[in-house]
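We name chains A, B, ... by the order of the sequence lines, and we start the count at 1 in each one.
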Amino acid sequence: DQQVKQNSPSLSVQEGRISILNCDYTNSMFDYFLWYKKYPAEGPTFLISISSIKDKNEDGRFTVFLNKSAKHLSLHIVPSQPGDSAVYFCAASDGTYKYIFGTGTRLKVLA
Amino acid sequence: DAGVTQSPTHLIKTRGQQVTLRCSPKSGHDTVSWYQQALGQGPQFIFQYYEEEERQRGNFPDRFSGHQFPNYSSELNVNALLLGDSALYLCASSSRGRGEKLFFGSGTQLSVL
């Protein structure tokens with residue numbers, strides 16, 4: 001039972017354009033969400049988070065949107081840069097101590 | 001400021017053997033979580049340690065056990081290794097509360113032959 005889903009395994013975007021990565025969840029108890037970026041041979045690196053009391057959070061080029069009624073969140077990267085090429089994971093917490101991760105989306109930013 | 005460090009980086013074992021993986025948390029963090037990431041999957045929660053006790057456990061068999069030391073470092077032990085245990089094992093540290101973001105180490109790549 002996959003409670004956090006990233007239905008696009010891969011995404012290619014031109015440098016300078018917007019990248020939109022999507023994440024859906026099924027558990028209405030999830031109240032805190034994180035996005036991570038992972039390069040090969042490295043651990044995941046924290047990007048941005050959002051609490052369920054908000055619908056948007058921004059940090060530089062990264063913005064996360066949360067639509068609780070649709071149980072959907074998205075990560076926008078503007079403008080996309082070649083160094084953003086990595087695998088992106090969304091993760092959700094139901095207020096306990098564990099996070100449930102999606103399967104990831106591989107982003108490729110083309111120069 | 002040292003981040004999360006894990007050792008070893010790579011490990012090869014055979015079925016039935018036992019393995020111990022080690023993790024030192026980021027400075028200032030007192031909580032350690034362990035995740036297993038199989039190829040093509042997202043990290044899956046194994047368990048979390050706080051104050052030297054297992055605070056929460058994911059859906060993993062008892063072959064997976066852990067320990068946290070007074071200096072907050074942690075070990076993950078896996079007994080009776082199966083081929084399916086081959087994965088990247090990630091350690092993440094955080095502060096004690098719920099909803100704290102996780103800081104990950106680079107992981108230990110375990111191959112079971």
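- Put simply, of B/Gly42, B/Gly105, B/Ser33, the one with the most heavy-atom pairs under 4.5 Å next to chain A is B/Gly42.
- Heavy-atom pairs under 4.5 Å with chain B were tallied for A/Ser51, A/Ser49, A/Pro44, A/Ala91; the largest tally goes to A/Pro44.
- Residue contact with chain A, scored on non-hydrogen atoms closer than 4.5 Å, involves the backbone and the side chain of B/Gln41 alike.
- Most heavy-atom pairs under 4.5 Å with chain B, from the set A/Lys38, A/Gln6, A/Arg106: that is A/Lys38.
- Heavy-atom distances place the side chain of B/Tyr35, and not its backbone, under 4.5 Å from chain A.
- Taking the centre of each ring, B/Tyr72 and B/His29 stay at or above the 6.0 Å mark.
- For B/Tyr50 and A/Tyr97, the gap between ring centers reaches or exceeds 6.0 Å.
- The main-chain N or O of B/Ser73 is never found under 3.5 Å from a side-chain atom of B/Ser24 such that the two would form a donor-acceptor pair.
- No part of A/Phe33 comes within reach of chain B, as not one of its non-hydrogen atoms sits under 4.5 angstrom from that chain.
- With respect to the salt-bridge test (charged N to carboxylate O, under 4.0 angstrom), the residues A/Asp84 and A/Arg61 qualify.
- In this structure, a donor-acceptor pair under 3.5 Å is absent between the side chains of B/Ser111 and B/Gln109.
- Between the side chains of A/Asn22 and A/Ser74, not a single donor N or O lies within less than 3.5 Å of an accepting N or O.
- With a 4.5 angstrom heavy-atom cutoff, B/Gln6 does not touch chain A via any of its atoms.
- When heavy atoms are compared at a cutoff of 4.5 Å, B/Leu102 approaches chain A by way of both its backbone and its side chain.
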